[in-house]
Peer 1: 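Just passing along the structure, written as C-alpha cells.
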Protein chains: 2
Amino acid sequence: MAITIKDVAKKAGVSISTVSRVVNDSKPVSPELKIKVMEVIEELGYRPNEVARSLVTKKSYLIGVIVPDIGQSHVANMLRGIEEVGKMYNYDILLCSSYGEMNAELNYLQLLNRKQVEGLIILSAKLEKEVEAYINAFNLPFVFLSTNDYREEYRSVDIDNKIAVYEMVTYLQQLNHKEIAYIGTKPGKKTKAEVKHDAFVKAMKDSGLPSNLVVETESMSKDAGYEAAKELLNGRNHPTAVFCASDELAIGVMNYCHDQGIRVPEDLSVTGMGDIEMASYIRPKLTTISIPYYDIGAVSIRRIVKVLKGEEQTEAEIKLPFQIHKRESCKKRA
Amino acid sequence: MAITIKDVAKKAGVSISTVSRVVNDSKPVSPELKIKVMEVIEELGYRPNEVARSLVTKKSYLIGVIVPDIGQSHVANMLRGIEEVGKMYNYDILLCSSYGEMNAELNYLQLLNRKQVEGLIILSAKLEKEVEAYINAFNLPFVFLSTNDYREEYRSVDIDNKIAVYEMVTYLQQLNHKEIAYIGTKPGKKTKAEVKHDAFVKAMKDSGLPSNLVVETESMSKDAGYEAAKELLNGRNHPTAVFCASDELAIGVMNYCHDQGIRVPEDLSVTGMGDIEMASYIRPKLTTISIPYYDIGAVSIRRIVKVLKGEEQTEAEIKLPFQIHKRESCKKRA
DNA sequence: TTGAAAGCGTTACCAT
DNA sequence: ATGGTAACGCTTTCAA
C-alpha cells in the first residue's frame, strides 16, 4: 500500500490538514512543524495521490487530444508542441488516434469526458455533426485544428493558407514558369483545399497565366501524389512547374519523376507545403512552405490553458507566420 | 455541474447502490429498476466520473510511457502500437518526452507515480541508476525498450539484432561485395551497438573477409551518417558496400553520396536498419532490416496488461521476427 | 434484490 | 497556526 497523507500526519505527530498545507504551501505553517513534516515526507517518500486530489479540486490537469494518426510526421510535431507546452503548465495529454473514423472520435470523446479532461484539441479533416454536438454538450475549452474544413466559430491555429500559396505560386512565376500545375484534394466549399486552389488560380490570373492545369487527388498522401503525377505528365500537358498542396504529394510526384527519368528540377520544378522533416532530407531537397506544426500545437494548448485560467482569448482564429524555403527542387526557366 | 450518480438515483427513485450496479453490471438488479435507471441515465446523459471511480477501485487505467522524442518516426510507430492496443484493454497512455535527459525522466516518473499509473514503458538509450532505483521503488509492471544498453533483468521487446545483422552482411557478401564497411555508434559493453558490431565482424570473419572498415558515430542521426560517409569515402578506403546500424545513418550516407556524385547502388551499396517510412520513399529505395516498431509497442503494452491481470509472463526478453527488405540501394558486384 | 453507510486520499472550511 | 471534519463521486461491504 502506498504512503498516504495520514501516514505522514501520524508519523509527524500533526493533523492531515497541516500536512496538506505544507505540501501545497497553501496556508502558513510554523517553521518547526513545516520542517518536521517535510522530513517525514522525505523519509517516507510520500507522493500525493493526484486522483484523490482531482476528485476534490475538480482539476484533472488532463487535456484530451484526438488526432487522426500519430504516425504522420506533421501530427507528431504538433503533438510535441502540445505535450511540451502542456507540461510547462503541469498539464498532461490523453492521446487518442481516431484514424479518421467518426465513431472512434465519438468513443474517445466519451472516454475523455469520463476521465474529466479539462480541455480538448481535435485534429481532423472535418467536424461531423455528431461530434460537434457532443463537444458542445461537453462545454470545455476546445481547439479545432482542421486539416480541411473551415469552421471559424471554433478556436483554431493555422497559417494563412491563402497568402502562403499565392506567394509560392508567385515565386514560381518569378522563376519564369508559365505553365504551372496544381495538385491537391477536391476544393469543397469552405475548405482549406478551396482556399489553396483559389489562391493558385488568383496568382495565375493576376499574371495573365492559365490556371487550368489542376489534378484533384483523393488524399494528401505520397501515393496520391504519385498517381497525380502520372495523370499530369502523360504527354498532353507540359507544365514546367507544379505546386503540391502538401509535402507528401510533392514527394510522390518526385518519386514518379525519378522512376520515369524526368529530372527535377531540370525538367520539372516541384514545390510542396508543410516542410515535414523528409522535405530537407530527400534529394533534391524540396522547396516548400514551412508550416510551424510544433508551434501550432504549442499555441493550441496554451490557448486552452489560458481559457482555463480565466484569461479569455477572444479571437477564434490565430494565424501563425509561415516561411517559404527555397531549396533544390525548383529551378529558373531559361 | 456535471450529472452525478446521486442525480440519477434521485430521479429514478432508487439508491445510488442500485445505480452503480446497473452501470457496472456488477450485481443482479430487477428488470424494472434496471430499465428505469437506464432510462434516466440516458435522459440525463450521465457519465461516471472515472476519477472518483479510480479512487475507490485503485485502478487508473493509465500507463505511463516515457520516450526520448515522439518526433522520430520509429518512436511514433511504437507509440501507435502502444496506444492502439492499450485502448483495446481500456488503458490510456500518459505520454512524456524526455529528450534523452535523465532529469526529465526522473521528473516524469514522479509525475506518473502521483497520477497513479498502473504500468510503465520506458524507451531510452540507457537506464541510469537513479531512474532504475526510482522504478524499482515504484514497483509496477515495467517494460524497458532500450535503444542501446542491454538489461536482461527487465522485460523487453526487440528483434534479434545479432541474427539480423549477420544475415544482412551475408546478403551483401552474396552480392559479391568483399570490402564492406560498418557505420554505427561506439560498441560499448553490453550494448546493442556492440551486438551489431560483433555480428558484422563475425559475418566477415566467417567468410575470410576483412572487418576493419568501421566508422564510429556520435549518434544514429542522418547528420551523423552524412559525416561518417565523409570520413569513410575520403579516398583511402574503397568499400563497395556499407552496412549502417540505422536507417537514419543510411539516409545520411546516401545524401552524402548524392551530393558528391557517388552513385548508389552502382558505386556503393547501402543498407540500413529499421525500415522507417522514409526508407521506401527515398530514391533509391533503401535495402534495410525491418524492425516491427508498431508490434514492439503493441507487445510491450500487452505484456503490462497481462501482468496487471495476474497472467504473469516469465521470460524477460521477447524477440520479434524481423525481415530483410531487399530494395534498390544494393546491387550485385560484377 | 435493495439500501445504508463506510471508505478511497485529498482539500477546504470552520473552529479553536 | 492548528486540528477536526465535511465533502468530492464512486464502489463495496453489510444488513435487511
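Below, chain A is the first sequence line, B the second, and so on; all start at residue 1.
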Peer 1: May I ask you to verify if any side-chain N or O of B/Lys58 is less than 4.0 angstrom from the OP1 or OP2 atom of C/dG9?
Peer 2: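 Checking B/Lys58 against C/dG9: at least one side-chain N or O falls below 4.0 Å of OP1 or OP2.
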
Peer 1: Quick test of your reading of the model: are B/Glu132 and B/Arg151 salt-bridged, counting only N-O distances below 4.0 Å?
Peer 2: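 Counted as a salt bridge, because a side-chain N and a carboxylate O are separated by less than 4.0 Å.
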
Peer 1: Nearest whole Å is fine: how far is D/dC8 P from B/Asn49 CG?
Peer 2: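 Checked: the CG to P distance equals 12 Å.
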
Peer 1: Any base atoms under 4.0 Å from B/Ser20, or only sugar-phosphate, or nothing? Heavy atoms, all strands.
Peer 2: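 Base contact.
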
Peer 1: In whole angstrom, what separates B/Lys34's NZ from C/dT2's P?
Peer 2: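 Whole-Å distance recorded here is 11 Å.
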
Peer 1: State whether A/Thr4 places a side-chain N or O below 4.0 Å from either non-bridging phosphate oxygen (OP1 or OP2) of C/dG9.
Peer 2: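 So the side-chain polar atoms of A/Thr4 never come under 4.0 Å of the phosphate oxygens OP1 or OP2 of C/dG9.
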
Peer 1: Look at the side chain of A/Ser17 against the base of D/dG4 and say whether a donor-acceptor pair falls under 3.5 Å; ignore hydrogens and angles.
Peer 2: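 Indeed there is one.
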
Peer 1: When you measure from the side chain of A/Val56, which nucleotide among C/dG9, C/dC14, D/dG9 comes out closest?
Peer 2: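 Among C/dG9, C/dC14, D/dG9, the one nearest the side chain of A/Val56 is C/dG9.
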
Peer 1: Grab the NZ-P distance between A/Lys59 and C/dG9 for me, whole Å please.
Peer 2: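 So the two atoms are 23 Å apart, to the nearest Å.
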
Peer 1: Between C/dG9 atom P and B/Arg53 atom CZ, what is the distance in whole Å?
Peer 2: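 Atom-to-atom, B/Arg53 to C/dG9, this comes out as 18 Å.
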
Peer 1: Is the phosphate of D/dT11, meaning OP1 or OP2, less than 4.0 Å from a side-chain N or O of B/Asn24?
Peer 2: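 Yes, such a contact exists.
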
Peer 1: Can you check the B/Ile3 CD1 to D/dC10 P distance for me, whole Å?
Peer 2: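 Going from B/Ile3 (CD1) to D/dC10 (P), I get 10 Å.
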
Peer 1: For A/Glu315, is there an ion pair with A/Arg155 - N to carboxylate O distance below 4.0 angstrom?
Peer 2: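 No, no charged N to carboxylate O under 4.0 Å.
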
Peer 1: Nearest-nucleotide wise, let me know which of A/Arg21 and B/Leu55 is further upstream toward the 5' end of DNA chain C.
Peer 2: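 With B/Leu55 and A/Arg21 compared, the 5'-side residue is B/Leu55.
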
Peer 1: Determine, for B/Asp92 against A/Lys115, whether the closest basic-nitrogen to carboxylate-oxygen distance falls under 4.0 angstrom.
Peer 2: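 Result for this pair is yes, salt bridge flagged.
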
Peer 1: Remember a base hit wins even if backbone is also touched, and classify A/Val14 as base, sugar-phosphate or nothing at under 4.0 Å, heavy atoms.
Peer 2: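 Sugar-phosphate, no base atom in range.
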
Peer 1: For B/Ile16, answer base if it contacts any base atom (sugar-phosphate contacts may also be present), sugar-phosphate if it contacts only those atoms, and nothing otherwise; contact means non-hydrogen atoms under 4.0 Å.
Peer 2: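 Counting heavy atoms under 4.0 Å across all strands, the contact made by B/Ile16 includes a base.
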
Peer 1: Rounded to whole Å, how long is the line connecting atom NZ of A/Lys6 with atom P of C/dG9?
Peer 2: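 Computing the A/Lys6:NZ to C/dG9:P distance gives 7 Å.
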
Peer 1: Starting at NZ of B/Lys115 and ending at C1' of C/dG9, how long is that distance when rounded to a whole Å?
Peer 2: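 Nearest whole value for this atom pair: 16 Å.
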
Peer 1: I want to verify a distance call: between D/dC10, C/dT10, D/dT12, whose nearest atom is closest to the B/Thr57 side chain?
Peer 2: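 Within the option list, the nearest is D/dT12.
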
Peer 1: Over how many whole Å does the gap from A/Lys36 atom NZ to D/dT2 atom P extend?
Peer 2: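 Roughly 14 Å, once rounded to whole Å.
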
Peer 1: Examine B/Lys87 relative to A/Tyr108 and say whether NZ or CZ is less than 6.0 Å from the centre of the six-membered ring and inside a 45° cone about the ring axis.
Peer 2: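 Cation-pi check for B/Lys87 and A/Tyr108: passes.
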
Peer 1: Are any of the side-chain nitrogens in B/Arg53 or B/Glu50 under 4.0 Å away from the carboxylate oxygens of its partner?
Peer 2: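 The answer is yes: the pair qualifies as a salt bridge.
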
Peer 1: Starting at the 5' end of DNA chain C and moving along, which residue's nearest nucleotide shows up first, A/Arg47 or B/Ser30?
Peer 2: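 Looking at the nearest nucleotide for each, B/Ser30 comes out on the 5' side.
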
